[in-house]
Amino acid sequence: MGSQIKKLGWVALSALGGVALGVIALRRGENINAVWLVAAAVCTYLVAFRFYALFIGSRVMGIDPARITPAIRYNDGLDYVPTNRYVLFGHHFAAISGAGPLVGPVLAAQMGYLPGTLWILAGVVLAGAVQDSMVLFISTRRDGRSLGEIIRWEMGPGAGASAMLGIFLIMIILLSVLALVVVKALADSPWGTFTVFATVPIAILMGIYGRFIRPGRVAEMSAIGFVLLMTALVCGRTVSEHPELARLFTFKAEPLALIIIGYGFVAAVLPVWLLLAPRDYLSTFLKIGAVVGLAVGIVIVMPEMKMPAVSRFIDGSGPVFAGSPFPFLFITIACGAVSGFHSLISSGTTPKMLENESQIPFIGYGAMLMESFVAIMAMAAAGVIEPGVYFAMNSSPAVIGADAVRAAAVISSWGFTVTPEMLTGAAKDVGETSILSRTGGAPTLAVGMAYIFSHVLGGKAMMAFWYHFAILFEAMFILTALDAGTRVCRFMLQDMVGAAAPSFRNTRSWANNLTATGSVVAMWGYFLYSGVTDPFGGINTLWPLFGMSNQMLAGIALITCTVVLFKMKRQRYAWVTMAPAAWLVVCTTTAGLEKIFHNNPAIGFLAHARRFSDALAEGEILAPTTSLDQMRRVIFNDHVDAVLTGVFIVVTASLLVHGVLAVRKSLTSDEPTVIEAEEAMEAGLA
Amino acid sequence: MPETKKTLISYIKETLLLMVGLPDYDAYVRHRLARHADRPVMSREEFFRERQENRYGANGKTNRCC
């Protein structure tokens, strides 16, 4: 009887999910409520978890609850600690969630909210969450080893080395695109710039408090930091209204980029307790708070989606990113649907804290569903904005011009009616002088969040406060990621170069530290600066590179999972990882090749470079560049981007070949050829 | 040492601390006393510093995402 009721419950839930999906997919010509989006997502997640995640756990992985996990075998109270599953879920979620799922959906909204939403849901269920939980499982079976080590172990040193290079390059692109998002959000915004700058002394104060005054009191230092941060946020308004002070904190994009590059270098060589750790505390707690707040806000306010379900830009001619839905929509939304980066987290700290293998679906698959939910909320927040305002914020000046009258005329001609007054009014509401071409996703999301939050608390008067709160929260965890990521890259670089020159491996040497950190900052700084000076807005170029490389990493991780399943002799279930791996390889390779070779200069790097070279040969200056020198820079950057894209394709192809070879080799044996930690220990290999 | 019953608040506290890379200090002490009673145990402050260095330290591990 009880099981019958349960079954009925699942049927009802599936039906509700179906209805919600039907509403968001089929209603045309009238605005739907954002709650439908949330309902469709939640039902999809619950059904996927109950059926697919548990199927993967019991059948595909063959989870053995009696098996001792690394946390128990190596328990040291520090790295290896058996941890309550809800506590570990929180840890894992906090580690995987970042700015990615907030930005991608906002950009994808140019095609309407429906295509992006469908990809987020299908992607997470069939690819993203599968990857996260499979890698968590594989790493747990190997003492919590990292993805790089697993690849080397299962597919040989050649595969390991090219994966390392791929991961390093992806990190560089990630850091530059994140930094670009911050620059775009803070340019010409004294309020935002003041508050984000203020986080530095606030964090240092917290660091000193937590190091010397009350050592280790994280709650106290975070509370102090939070109060100071909110004070800075309130003061930011005063600063922005004071002409002299406002001038001090008003920067154009180029100087802001240089400041962030310099800051990135200094922050990454300072002791961690002084700046990085305290800001990490603040940004983590703020991020969790803002995400929960947004969920509550959407349910309370129940805003209507003003963006159409499918916009005319589904044809690939949109101003936010160029290219048709396949492959470009799928690489624009990476995090939230499938993010290769998570494979590094799932093979990082989490497997060392798992109490029992049976918790892998809940933590690996479940936390990724949660991350996907963040992406759905970002999509909702972008959708509640007036479409005309959305396009004004996300199109580059090359397309819509630099003043409200012209922008309104251009956007209205696309069929999204908007008046200059609406654009200046929207800017005034959020306490900015202009909202035109605030690309990068963060400001758009901030407007959406401000709209939702101000309906719950404070009304229109508070909208500017909430807008800058949202900017602050995004900028803060991006800067934290920049700082921590630069360090990670530094160690990776030292490790890779150290293979040739062993003395470079010494991480205690200041010379090595400064050289390696400097090189890493120079690399992401180059892409950041080229993005900032890119006449087409930068995000246009860098975001597709990032999304593509991120999903290539996911493809590599899923290829590795497939190899392991074959080696375990569980190949009858290998389709679970093989299908998403194949999709990702096809999708990202297509995207990569189109980015390099497509004839349309808006898509293909080489076509774009050709157009500028031809003009240069004629001595003609193409808009929006203003000098021959700028033209030469555009051409050079195009070539760098094309080469980098080529490297990504080669790395993925090489891993695919290694994977196929490893699978073929495993098929020659009748016995499982996988080496898990237990066998390795018994054989004296580990 | 028997494990005392934890409250919801203490779970939330533990979750928030682990989110920033700080595992439960009491569990660490319990573990050290149970397994390595003869060796010194880090104080709460030392434990905090050790974990902080470890989270961002020289092992090149990625502990956050995009």
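Keep in mind it's a predicted model, so treat the numbers as computed, not measured. Letters go in sequence order (proteins before strands), and every chain restarts at 1.
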- line: Listed by number, the residues in residues 35-43 of chain B that come under 4.5 Å of chain A (heavy atom to heavy atom) are B/R35, B/M42

What are the two closest heavy atoms between [X] and [Y], and how far apart are they?
X: A/V272; Y: B/E53; result: CG2-OE2, 3.8 Å
X: B/P23; Y: A/G77; result: CG-O, 4.2 Å
X: A/A94; Y: B/M19; result: CB-CG, 3.5 Å
X: B/Y11; Y: A/V87; result: CD2-CG2, 3.9 Å

query: Is the number of heavy atoms from other residues, nucleotides or ligands under 6.0 Å of A/F168 CZ greater than 12?
result: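 Atom CZ in A/F168 is crowded, with more than 12 foreign heavy atoms closer than 6.0 Å.
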
Chain B heavy atoms under 4.5 Å from [X]: which part of the residue, side chain, backbone, both or neither?
X: A/F285; value: side chain
X: A/L175; value: neither
X: A/R217; value: side chain
X: A/S222; value: neither

I'd like to know which of [options] tops the heavy-atom pair count under 4.5 Å against chain B.
options: A/V177, A/I478, A/T284; answer: A/T284
options: A/N75, A/V218, A/D495; answer: A/N75
options: A/V81, A/L88, A/T350, A/L276; answer: A/L276

field: Heavy-atom side-chain contact between B/T15 and A/Y86 under 4.5 Å
entry: no

message: When you compare the side chain of B/F47 with that of A/L78, does any pair of heavy atoms fall below 4.5 Å?
response: yes

Residues B/Y56 and A/D280: side-chain donor-acceptor under 3.5 angstrom: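 Indeed, the side chains of B/Y56 and A/D280 share at least one donor-acceptor pair under 3.5 Å.
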
task: Count the heavy-atom pairs under 4.5 Å between each of B/E50, B/R49, B/R44 and chain A, then report the option with the highest count.
output: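 Looking at each of B/E50, B/R49, B/R44 in turn, B/R49 comes out on top.
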
- prompt: Most heavy-atom pairs under 4.5 angstrom with chain A, which of B/V29, B/I12, B/L18?
  reply: B/L18

query: So B/R55 and A/D79, salt bridge (Lys or Arg N to Asp or Glu O under 4.0 Å) or not? Walk me through it.
result: CA-CA 10 Å; B/R55 178 169 165 87; A/D79 289 319; over 6 Å; no

Which portion of B/Y28 sits near chain A, non-hydrogen atoms under 4.5 angstrom: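 It is both, since atoms from each part get that close.
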
message: Looking at B/E45 and A/R214, is there a salt bridge between them, counting it only when a charged N and a carboxylate O are closer than 4.0 Å?
response: no

